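None of these values were measured; they are calculated from a predicted model.
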Amino acid sequence: DGSGNIVYSGGVLQKASGSNDQRLGSLGYLNPDFTFGFGNKFTYKNLSLSFQFDGRIGGKIYDYNYYATMQGGTDIQTVQGVIGAARLKEWQSTNQGTNAPTPSLLGNEFGPGVQIASGTPTFQNGVISNIGSLTFAPNTTSALVQSYLTGNLKANFDEYFMIDRSFVKLREVVLSYTMDLPKWGHGLIKSASFSLVGKNLLYFAKRKDFDIDQYPSGFNASDLSVGGVAANGALQSSSTRKFGFNINLSF
């Protein structure tokens, strides 16, 4: 509404409708504002330690894992805050599953919001275009958590699942020890080094349910279908740590 409150209809989010476009337009840009990298190597006698940090800052990406786990009720947010409290209250109202749940979610994590008291909204580019002719009242209608997550939020609001594409990784750490072997094998092998290698040891991002670095394309909205397309990074895997051991021989 004009004061920045979220508008609800029947306890769920007010959906833009009509021929004058439900589409809000661009929800963000995939490209980062800048990328960076930093590496260094320290050596003391026969020991050396090298490392590399890198990352991207800025940009938006569609998180299909976020979408799917919210839809399925397995995301941590579905058991925290007002959504988690409403979910527990609804389960308790079923009397161990013998009764239908009582709707308990009023609004969402951003507050109860408002509902339209009088007037009919019209929409242009995804926003209410006649807001001055409408009157609003506090939202007093509760909804089922499942109805809100799977029937409303999932189906109608891609922007909820757009996340910051920024990330920082400790890409690699290598700890090495080098041995001089001038007499071993009649001088055939001059030196040998043994290294412990770790990759992706640290990963910093606002959401870590998938590897933003590994799946850079995100949501391809070419057909404007809601929920993403499997061919465009759906159900991505998270970042994984890797450890290795290297032996290098110099002849």
Side-chain donor or acceptor of S147 paired with backbone N/O of A143 under 3.5 Å: no

Do the rings of Y64 and Y67 sit parallel, tilted or perpendicular, given the 30° and 60° boundaries? tilted

Would a 4.5 Å heavy-atom cut-off, applied to side chains only, mark Q77 and E109 as touching? yes

If only atom types and distance count, is the side chain of K208 paired as donor or acceptor with the main-chain N or O of Y203 below 3.5 Å? yes

Give me the atom names and distance for the closest heavy-atom approach of D164 to I212. O-CD1, 3.8 Å

Shared ILVMFWY cluster between V168 and V173, side chains joined below 4.5 angstrom? yes

Given the rule in the side-chain contact (heavy atoms from CB on, under 4.5 Å) test, do N139 and L106 qualify, once you have shown the distances and angles that lead to the verdict? CA-CA 8 Å; N139 175 36; L106 184 63; 3.8 Å; yes

Please determine if D213 and K169 form a salt bridge, counting it only when a charged side-chain N lies under 4.0 Å from a carboxylate O. yes

Could you report the tightest heavy-atom contact between F251 and K190, atom names first, then the distance? C-CG, 3.7 Å

Between V197 and F245, is there a side-chain heavy-atom distance shorter than 4.5 Å? no

Going by the side chain to side chain donor-acceptor pair (under 3.5 Å) test, which pairs reach into residues 34-44, not counting sequence neighbours? none

May I have the step-by-step check of side-chain hydrogen bond (donor to acceptor under 3.5 Å, both in side chains) for S118 and T135, ending in yes or no? CA-CA 5 Å; S118 64; T135 58; 2.3 Å; yes

Find out whether F167 and I57 are in side-chain contact, i.e. whether some heavy atom of one side chain is under 4.5 Å from a heavy atom of the other. no

Should F210 and I61 count as side-chain neighbours, where that means a heavy-atom distance under 4.5 Å? yes

Donor-acceptor under 3.5 Å (S93 side chain, T102 main chain): yes

Just verifying a value: how many Å separate L149 CG and M70 CE, rounded to the nearest 0.5 Å? 5.0 Å

Do L144 and E90 have side-chain heavy atoms sitting under 4.5 Å apart? yes

Interatomic spacing from OG1 in T122 to CG in N130 - rounded to 0.5 Å: 3.5 Å

Please tell me whether F123 and L134 are part of a single hydrophobic cluster in this structure, the criterion being side-chain heavy atoms less than 4.5 Å apart. yes

Taking L175 as the starting point, is it possible to reach I247 by hopping between hydrophobic residues whose side chains are less than 4.5 Å apart? no

Centre of Y66's six-membered ring, under 6.0 Å away, within 45 degrees of the axis: is that where NZ or CZ of R207 sits? yes

Whether N152 side chain and L13 backbone form a donor-acceptor pair below 3.5 Å: yes

Apply side-chain contact (heavy atoms from CB on, under 4.5 Å) to residues S104 and S142 and explain how you reach the verdict. CA-CA 5 Å; S104 301; S142 296; 5.7 Å; no

Before you tell me yes or no, could you show the steps for L170 and N200 under side-chain contact (heavy atoms from CB on, under 4.5 Å), namely the whole-Å CA-CA distance, both residues' side-chain angles and the distance that decides it to 0.1 Å? CA-CA 5 Å; L170 177 54; N200 299 331; over 6 Å; no

Side chains of K242 and T240 in contact at under 4.5 Å (non-hydrogen atoms): yes

With sequence neighbours excluded, residues passing salt bridge (Lys or Arg N to Asp or Glu O under 4.0 Å) with D54: R171

Walk me through it: do S195 and N246 pass the test side-chain hydrogen bond (donor to acceptor under 3.5 Å, both in side chains)? CA-CA 5 Å; S195 302; N246 291 336; 5.4 Å; no

Atom pair OG (S48) and OH (Y177), whose distance is rounded to the nearest 0.5 Å: 11.5 Å

Might you point out which heavy atoms bring L249 and A192 nearest each other, and give the distance in Å? CD2-CB, 3.5 Å

Rounding to 0.5 Å, atoms CZ (F136) and CG (N5) come to a distance of 9.0 Å

Using the side-chain contact (heavy atoms from CB on, under 4.5 Å) rule, take N248 and F194 through it: C-alpha gap first, then chi angles, then the decisive distance, then the call. CA-CA 7 Å; N248 293 309; F194 307 89; over 6 Å; no

CA sep, side-chain torsions, deciding dist, call: S166, R56, side-chain hydrogen bond (donor to acceptor under 3.5 Å, both in side chains): CA-CA 5 Å; S166 301; R56 291 193 297 258; over 6 Å; no

Quick one: does V145's side chain get under 4.5 Å of T78's, heavy atoms only? no

Report yes if some heavy atom in the side chain of Y148 is under 4.5 Å from a heavy atom in the side chain of N108; otherwise report no. yes

Crowded around Y29 OH? As in, over 12 foreign heavy atoms under 6.0 Å? no

Test of understanding: clusters of I, L, V, M, F, W, Y form through side-chain heavy atoms closer than 4.5 Å, transitively. Do F161 and L30 belong to the same one? yes

Can you establish whether the number of heavy atoms outside K206 located under 6.0 Å from its atom NZ is more than 12? no

Of the non-hydrogen atoms in I116 and P121, which two are nearest, and what is the gap between them? CD1-CG, 3.6 Å

Sorted by chain and residue number, the salt bridge (Lys or Arg N to Asp or Glu O under 4.0 Å) partners of K199 (sequence neighbours excluded) come out as E172

If hydrophobic clusters are built by linking Ile, Leu, Val, Met, Phe, Trp and Tyr wherever their side-chain heavy atoms come under 4.5 Å apart, do F38 and F204 end up in the same one? yes

Supply the atom-to-atom distance S3 OG to I131 CD1, rounded to the nearest 0.5 angstrom. 8.0 Å

Taken to the nearest 0.5 Å, the spacing of F157 CZ from Q14 CD works out to 8.0 Å

